[in-house]
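Written below as structure tokens is the structure these notes are about.
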Number of protein chains: 2
Amino acid sequence: MKKATIHEIAKALNIDSSTVSRALNNNSRVAKKTKEKVFNKAKELGYKPNLLASNLRKNRSNTIGVVVPRISRYFFSTIIAGIEEVAFKEGFNVVISQSLEQVKREKKIMDNFVSNRVDGVLMSIAWESNDFQHLQNLEGLGIPLVFLDRHPASLESCNKVIIDDYKGACEAVDHLIKSGCKKIAHFAGPQFLEIYKSRLKGYSDTLKKNKLKSEPKLIVASHLMKDDGFNIMRDLLEKHPDIDGVFSANDEAAVGAIKFLKKIGKKVPEDISIVGFSNDPLSEVVEPPLTTVDQFGAEMGKKACELLIQNIKHQKDDPFQYQTIILSPKLIERESSRGVIERRIN
Amino acid sequence: MKKATIHEIAKALNIDSSTVSRALNNNSRVAKKTKEKVFNKAKELGYKPNLLASNLRKNRSNTIGVVVPRISRYFFSTIIAGIEEVAFKEGFNVVISQSLEQVKREKKIMDNFVSNRVDGVLMSIAWESNDFQHLQNLEGLGIPLVFLDRHPASLESCNKVIIDDYKGACEAVDHLIKSGCKKIAHFAGPQFLEIYKSRLKGYSDTLKKNKLKSEPKLIVASHLMKDDGFNIMRDLLEKHPDIDGVFSANDEAAVGAIKFLKKIGKKVPEDISIVGFSNDPLSEVVEPPLTTVDQFGAEMGKKACELLIQNIKHQKDDPFQYQTIILSPKLIERESSRGVIERRIN
DNA sequence: CTGTTAGCGCCTTCAC
DNA sequence: GTGAAGGCGCTAACAG
């Protein structure tokens, strides 16, 4: 079961292992003939390079570490697709880990990344995060970090790629108002995270701009899971049966709300209109087709990866310069698949 | 930016680095006092173990490699959740890679796994796979392999954790027949894969058992993407407008079919009933709530990971003994959310 | 173009 | 309980 090494190739060919190493790495100052011999012998012996040794020697792993809350969320898996596209093109490997929204796991993952000498880290932080020591340590170790979408509200100087959450929220609420909604609730996210703060602000500001009251009772913060959406919708309707619109800070909670509304026989969007952030492909076959704010995950992943690689490459010569890249979200309307919405008059 | 090593800890404490190594690994024959001193100094210096070096020395990485076609599919992300649960409990790290259904990428990933000395591999193969050399090489290198769900039709002797696809298909088609369907189509998957062969066989056999004709024209093989479902449904209905049931080998194609039916104003399940394999959580809020065959991804992931770890641990002493673990799928009915189905009489 | 030498950081005998 | 020595497999000077 012992794997072949460059030394065995060297011995078999009566040359030095350093020449073999150079040949395998396609170094220009190795004779063509030698290279061929080496390649053939390598194949013959079933040689597989040991990257552990190589990376140890070179003190870098050619690997980018990615941390997301969970890969099962469509938004994050599109982000990952974008990251991989750029990373592979640039010759980097990608290691994906999920924090499952737990800081504890986030820290372990970071430790692991450091111990395995990843060259850089891309991350969307867990929403229970309120302690960012583990992130600041990274830079002390010379490992560049770029935040993707979710970033700490308390951290000013950092690299990040985000969408314009404020603008997206404004458009979403605008859309609800234009559809005739008079009383719009907001499913808010954890306020540790800047993105959810911005979405809330966009909601409040847009209501005010349209001369509608922004009532604290209609704003409910949660972790925005499907069950949260279900329960919040139920509780809100109990106290405020005249709610006719919901702006959810993500689509998962929106889906939960729809589930509840379906259960009690309320029609969407005739009785209640819903708009959510993120854009799962199933949104269009949910009934009703859900209007969403598209965050362009793949684009974000690509941009973030490019920024990170840039940081990795210019780590030494350049003074550290933090960048923020802001993408524009896009409202995708799907409510009118049945034609014009006719809002019922209660 | 240079990271602390055990030698620096040793020097600072005037002891040997081998003692530091033992202390950090909690070796029993190191004095308590020494251990404490070492731990403190390690923390003080911000010491992070270099796993590259450690793994190189030990010639194993404590890591399990996982390859799935795509992490964005709900079934695979639940599998991963199950794998991680078991792996972490047993002290293994998990590296996730997606083949994006391409053998080319599958091979690259395998090479990478070997080069990074993963201790074992869990995989669901790409559906264009018809060349399995890269998989058989693994065993030659002493890296145990367990297939998960998707496995090569041509490989007899291997470890695998699968569900009873045949039984699931039978139940699905039975359900359609009991709902009154007379003409049932099948969205089949690539026949390289055993799972899709079994699902097709379950479909045919159940039709025959119920004295219904199994017509080749109603069986369409594809990659079962959403668009495939959409297009196949359209083409089938054009030629056979009297189709009243569909058994889809996965839920994604089923969703595509629903999208098409919605577009042309056909009602599901009144006009056409649909059942699909896999059980995405959105199935219940799609309209109509989709009846599915649940594959219990997390269970499969757990079992597979257990089997793999068992293989890793007993690699030396035991003769290689292949195992097959078969789980039972479960039909989850959701069609009757509107009450009893009343099938229209054309 | 190729060989020599010297580690990367850690672990594991083998001594004492 | 601790130290000394050697090497995991590879690469990067430095010679020639």
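Residue numbers begin at 1 in each chain, while the letters A, B, ... track the order of the sequences.
- Here B:L51 lies out of heavy-atom contact (under 4.0 Å) with every strand.
- Following rounding to the nearest Å, A:N27 (CG) and C:dC1 (C1') show an atom-to-atom distance of 10 Å.
- Looking at B:S54, its side chain never comes within 3.5 Å of a backbone N or O of B:N50 through a donor-acceptor pair.
- A side-chain donor from one of B:N112 and B:N116 sits under 3.5 Å from a side-chain acceptor of the other.
- Counting any heavy atom pair closer than 4.0 Å across all strands shown, A:T5 reaches sugar-phosphate atoms only and no base atom.
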| request: Give the intermediate values and the outcome of salt bridge (charged side-chain N to carboxylate O under 4.0 Å, His left out) for residues B:K302 and B:E85. | output: CA-CA 7 Å; B:K302 279 196 224 173; B:E85 193 188 322; 3.8 Å; yes
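- In the displayed structure, A:K35 atom NZ is contacted under 6.0 Å by more than 12 heavy atoms of other residues, nucleotides or ligands.
- Using a 4.0 Å heavy-atom distance criterion, A:D16 is classed as a base contact.
- Legend: residues meeting ring pair (Phe, Tyr, Trp, His ring centres under 6.0 Å) with A:H7, ordered by chain and number and at least two apart, are absent.
- Considering all non-hydrogen atoms of both residues, B:V103 and B:H134 come closest at CG1-NE2, 4.0 Å.
- Nucleic acid contact for A:T34: sugar-phosphate only, since backbone atoms but no base atoms lie under 4.0 Å from a heavy atom of the residue.
- Checked by atom type and distance alone, the side chain of B:N55 pairs as donor or acceptor with a backbone atom of B:L51 at under 3.5 Å.
- Atom-to-atom, CD of A:E8 to P of D:dG7 comes out at 16 Å; the value is rounded to the nearest Å.
- Contacts of A:S18 with the nucleic acid, taken as non-hydrogen atoms under 4.0 Å apart, include base atoms.
- Taking atom CG of residue B:L56 and atom C1' of nucleotide D:dC8, one finds them 4 Å apart after rounding to whole Å.
- Using a 4.0 Å heavy-atom criterion, one finds that A:N55 contacts no nucleic acid atom at all.
- To the nearest angstrom, P of D:dC8 lies 15 Å from NZ of A:K3.
- Heavy atoms of B:S54 sit under 4.0 angstrom from primed sugar atoms or phosphate atoms, though from no base atom.
- Partner of B:R150 under the salt bridge (Lys or Arg N to Asp or Glu O under 4.0 Å) criterion, chosen from B:E194, B:E106, B:E101: B:E101.
- The residue among A:R57 and B:R22 whose nearest nucleotide of DNA chain D lies closer to the 5′ end is B:R22.
- Regarding A:I15, its CD1 atom lies at a distance of 12 Å from the C1' atom of C:dC1, rounded to whole Å.
- Between C:dG9, D:dC10, D:dG3, one nucleotide has an atom nearer to the side chain of B:H7 than all others, and that is C:dG9.
- A sub-4.0 Å separation between OP1 or OP2 of D:dG3 and a side-chain N or O of B:T19 is present.
- At whole-Å resolution of the value, CD1 in A:I6 and C1' in C:dT4 are 14 Å apart.
- If you measure from atom CZ of A:R117 to atom P of C:dC8, you get 13 Å, rounded to the nearest angstrom.
- In this structure, A:R29 places its CZ atom 12 Å from P of D:dA12, rounding to the nearest Å.
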| remark: Dot-bracket for DNA chain D, 5' to 3', Watson-Crick and G-U pairs with both distances under 3.5 Å, [ ] for crossing pairs, | for partner on another strand, reads ||||||||||||||||
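- Using a 4.0 Å heavy-atom criterion, one finds that B:N59 contacts no nucleic acid atom at all.
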